[in-house]
Amino acid sequence: MDREKIEQGVRLILEGIGEDPDREGLKETPERISRMYEEIYGGLQEDASVHLKKTFQARNNEMVIEKDITFYSTCEHHLLPFYGKAHIAYVPDGRVVGLSKLARTVEVFAKRPQIQEQLTAQIADALMEHLEPKGAMVMIEAEHMCMTMRGIKKPGSRTVTWAARGIFEQNRELYNQFLMMVKG
């Protein structure tokens, strides 16, 4: 990440909105923003597969669900936050991954400017590619600040997206079981 460019850009934005970037309260803002960007966009420099590499043998090939994984991301259209919960399920094919690794995978993809639909698909595709399960399903529920604080101004509205892969695409009973367990 180029901190100098970010700091220059923040100064230009402050000037553009009619502020004085040299006034006491804003003097260190460009540096603070550049440090913050390193944190909230850290997923751009991270490979999600790192978290999904170490697996463990498992005889039980029933569905594994990790739900209510809190995440924060940034809408690529307005550079405003969207945040919510991700729910992940997969049906192992003899191997499982540590539960924290599912949350870490969500975090890697969330820490990139993007759209929720893409975030949902990226997580499901990463699970299929690196865990090689019988199937995976991801559901994300999020509130978008671009709809809350600007434009339509509808706080509390949530966008729900999901991606089904493998056995979840073919087996409607399994698909419905996931939805029931996430909502239950």
Side-chain angles (χ1 to χ4, degrees), residues 40-78 80-148 152 154-184:
I40 67 173
Y41 297 125
L44 290 167
Q45 280 77 45
E46 210 175 333
D47 180 1
S49 69
V50 169
H51 302 295
L52 298 172
K53 283 183 180 177
K54 186 174 183 180
T55 60
F56 307 94
Q57 186 175 19
R59 289 195 174 106
N60 179 353
N61 285 326
E62 298 296 322
M63 181 171 27
V64 175
I65 296 177
E66 181 83 15
K67 68 181 200 173
D68 296 328
I69 301 167
T70 301
F71 74 90
Y72 301 91
S73 193
T74 306
C75 163
E76 67 184 24
H77 299 144
H78 300 100
L80 287 172
F82 68 94
Y83 55 92
K85 303 280 184 184
H87 315 289
I88 297 175
Y90 72 99
V91 177
D93 195 8
R95 311 246 354 132
V96 295
V97 69
L99 295 176
S100 70
K101 305 309 182 191
L102 297 174
R104 290 185 190 283
T105 300
V106 170
E107 190 168 286
V108 167
F109 289 119
K111 287 187 169 188
R112 299 173 181 183
Q114 62 177 305
I115 59 175
Q116 181 176 332
E117 296 88 342
Q118 178 177 303
L119 173 61
T120 307
Q122 286 174 329
I123 296 165
D125 292 341
L127 294 175
M128 291 302 290
E129 181 181 346
H130 302 292
L131 296 183
E132 299 178 355
K134 294 177 182 176
M137 187 156 173
V138 177
M139 177 178 171
I140 292 181
E141 303 173 274
E143 183 168 348
H144 292 248
M145 295 307 289
C146 58
M147 283 187 53
T148 297
I152 191 83
K154 297 296 177 201
S157 64
R158 292 182 307 162
T159 300
V160 179
T161 53
W162 65 87
R165 304 288 189 264
I167 195 170
F168 285 94
E169 293 175 290
Q170 297 113 23
N171 186 330
R172 191 49 96 183
E173 185 179 321
L174 190 62
Y175 179 95
N176 289 333
Q177 183 182 7
F178 167 77
L179 294 177
M180 184 183 74
M181 292 177 84
V182 164
K183 293 299 175 188

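Being a predicted model, the structure only gives us computed values, none of them experimental.
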Undergrad: What pairs meet the ring-ring contact (aromatic ring centres under 6.0 Å, His included) rule with one or both residues in residues 88-131, with sequence neighbours excluded?
TA: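 As it turns out, there is no ring-ring contact (aromatic ring centres under 6.0 Å, His included) pair with a partner in residues 88-131 once direct neighbours are skipped.
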Undergrad: Measuring from Leu174:CG to Glu62:CD, what's the distance to the nearest 0.5 Å?
TA: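 That separation rounds to 9.0 Å.
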Undergrad: Phe56 and Gly98: which non-hydrogen atoms are nearest, and at how many Å?
TA: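 Looking at all heavy atoms of both residues, the shortest contact is CE1-N, 3.9 Å.
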Undergrad: When you compare the side chain of Tyr41 with that of Thr74, does any pair of heavy atoms fall below 4.5 Å?
TA: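 Heavy-atom side-chain distance check passes, below 4.5 Å.
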Undergrad: Can you give me the closest heavy-atom contact between Val64 and Pro92, atom names plus distance?
TA: CG2-CG, 3.9 Å
Undergrad: Looking at side-chain heavy atoms only, is the closest gap between Tyr83 and Met145 below 4.5 Å?
TA: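 SC-SC contact between Tyr83 and Met145 confirmed.
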Undergrad: For Lys183, look at atom NZ and say whether over 12 heavy atoms of other residues, nucleotides or ligands are found less than 6.0 Å away.
TA: yes
Undergrad: Tell me whether Lys67 contacts the main-chain N or O of Met181 through its side chain, where contact means a donor paired with an acceptor under 3.5 Å.
TA: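 Yes; at least one donor-acceptor contact below 3.5 Å.
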Undergrad: Using side-chain contact (heavy atoms from CB on, under 4.5 Å), reason through Gln116 and Thr120 one step at a time and then give a plain yes or no.
TA: CA-CA 6 Å; Gln116 181 176 332; Thr120 307; 4.2 Å; yes
Undergrad: Rounded to the nearest 0.5 Å, what's the gap from OG1 on Thr105 to CD on Glu66? Could you check?
TA: 10.5 Å
Undergrad: Stepwise, does the side-chain contact (heavy atoms from CB on, under 4.5 Å) test hold for Gln122 with Gln114?
TA: CA-CA 11 Å; Gln122 286 174 329; Gln114 62 177 305; 3.0 Å; yes
Undergrad: Would you say the side chain of Met137 lies within less than 4.5 Å of the side chain of Met63, judging by non-hydrogen atoms?
TA: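 Not in contact.
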Undergrad: What verdict does the side-chain contact (heavy atoms from CB on, under 4.5 Å) test give for His77 and Cys146, after you've listed the backbone C-alpha separation in whole Å, the side-chain angles of each residue and the deciding distance to 0.1 Å?
TA: CA-CA 9 Å; His77 299 144; Cys146 58; over 6 Å; no
Undergrad: Examine distances only and state if a side-chain atom of Arg158 and a backbone atom of Glu141 form a donor-acceptor pair shorter than 3.5 Å.
TA: no
Undergrad: For residues Glu143 and Pro155, determine if any side-chain heavy atom of one lies less than 4.5 Å from a side-chain heavy atom of the other.
TA: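 When only atoms from C-beta onward are counted, Pro155 and Glu143 do touch, with a gap below 4.5 Å.
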Undergrad: When you compare the side chain of Ile140 with that of Ile123, does any pair of heavy atoms fall below 4.5 Å?
TA: yes
Undergrad: Write down the atom of Ile65, the atom of Ala89, and the distance for their closest heavy-atom approach.
TA: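 Nearest heavy atoms, Ile65 then Ala89: CG1-CB, 3.8 Å.
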Undergrad: Among Gln177, Glu173, Arg172, exactly one meets side chain to side chain contact (heavy atoms under 4.5 Å, CB included) together with Tyr175. Which residue is that?
TA: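 Single side chain to side chain contact (heavy atoms under 4.5 Å, CB included) partner of Tyr175 among Gln177, Glu173, Arg172: Arg172.
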Undergrad: Could you tell me if the side chain of Ile167 sits less than 4.5 Å from the side chain of Pro133, heavy atoms only?
TA: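 No. Closest side-chain heavy atoms not under 4.5 Å.
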Undergrad: Taking only residues two or more places apart in sequence, or in another chain, which ones meet Thr159 in a side-chain hydrogen bond (donor to acceptor under 3.5 Å, both in side chains)?
TA: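 Residues passing side-chain hydrogen bond (donor to acceptor under 3.5 Å, both in side chains) with Thr159: none at all.
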Undergrad: Could you grab the distance from atom OG1 of Thr161 to atom CG of Leu119, nearest 0.5 Å is fine?
TA: 7.0 Å
Undergrad: Can you name the nearest heavy-atom pair linking Phe82 to Ala142, along with the distance?
TA: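 That closest heavy-atom pairing would be CD1-CB, 4.0 Å.
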Undergrad: Side chain of Arg95, backbone of Thr55: donor and acceptor closer than 3.5 Å?
TA: yes
Undergrad: Check Ile152 against Met147 and note the closest heavy-atom contact, atom names and distance.
TA: CG2-O, 3.5 Å
Undergrad: So which heavy atom on Ala163 is nearest to which on Ala121, and how close?
TA: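 In this case the closest contact between Ala163 and Ala121 is CB-CA, 4.2 Å.
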Undergrad: Near Gln170 CD, under 6.0 Å, is it more than 12 heavy atoms from other residues, nucleotides or ligands?
TA: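 It does: Gln170 CD has more than 12 such atoms within range.
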Undergrad: Would you say Glu132 and Asp93 make side-chain contact, with heavy atoms under 4.5 Å?
TA: no
Undergrad: With side chains defined as the heavy atoms from C-beta onward, is the minimum distance between Leu80 and His144 less than 4.5 Å?
TA: no
Undergrad: According to salt bridge (charged side-chain N to carboxylate O under 4.0 Å, His left out), who are the partners of Asp47, at least two apart in sequence or on a separate chain?
TA: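 Asp47 satisfies salt bridge (charged side-chain N to carboxylate O under 4.0 Å, His left out) with no residue once adjacent residues are dropped.
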Undergrad: Verify whether one side chain among Ser73 and Lys111 offers a donor that lies under 3.5 Å from an acceptor in the other.
TA: no
Undergrad: Checking side-chain contact (heavy atoms from CB on, under 4.5 Å) for the pair Ile69/Phe71: CA distance, chi angles, key distance, verdict?
TA: CA-CA 6 Å; Ile69 301 167; Phe71 74 90; 5.6 Å; no
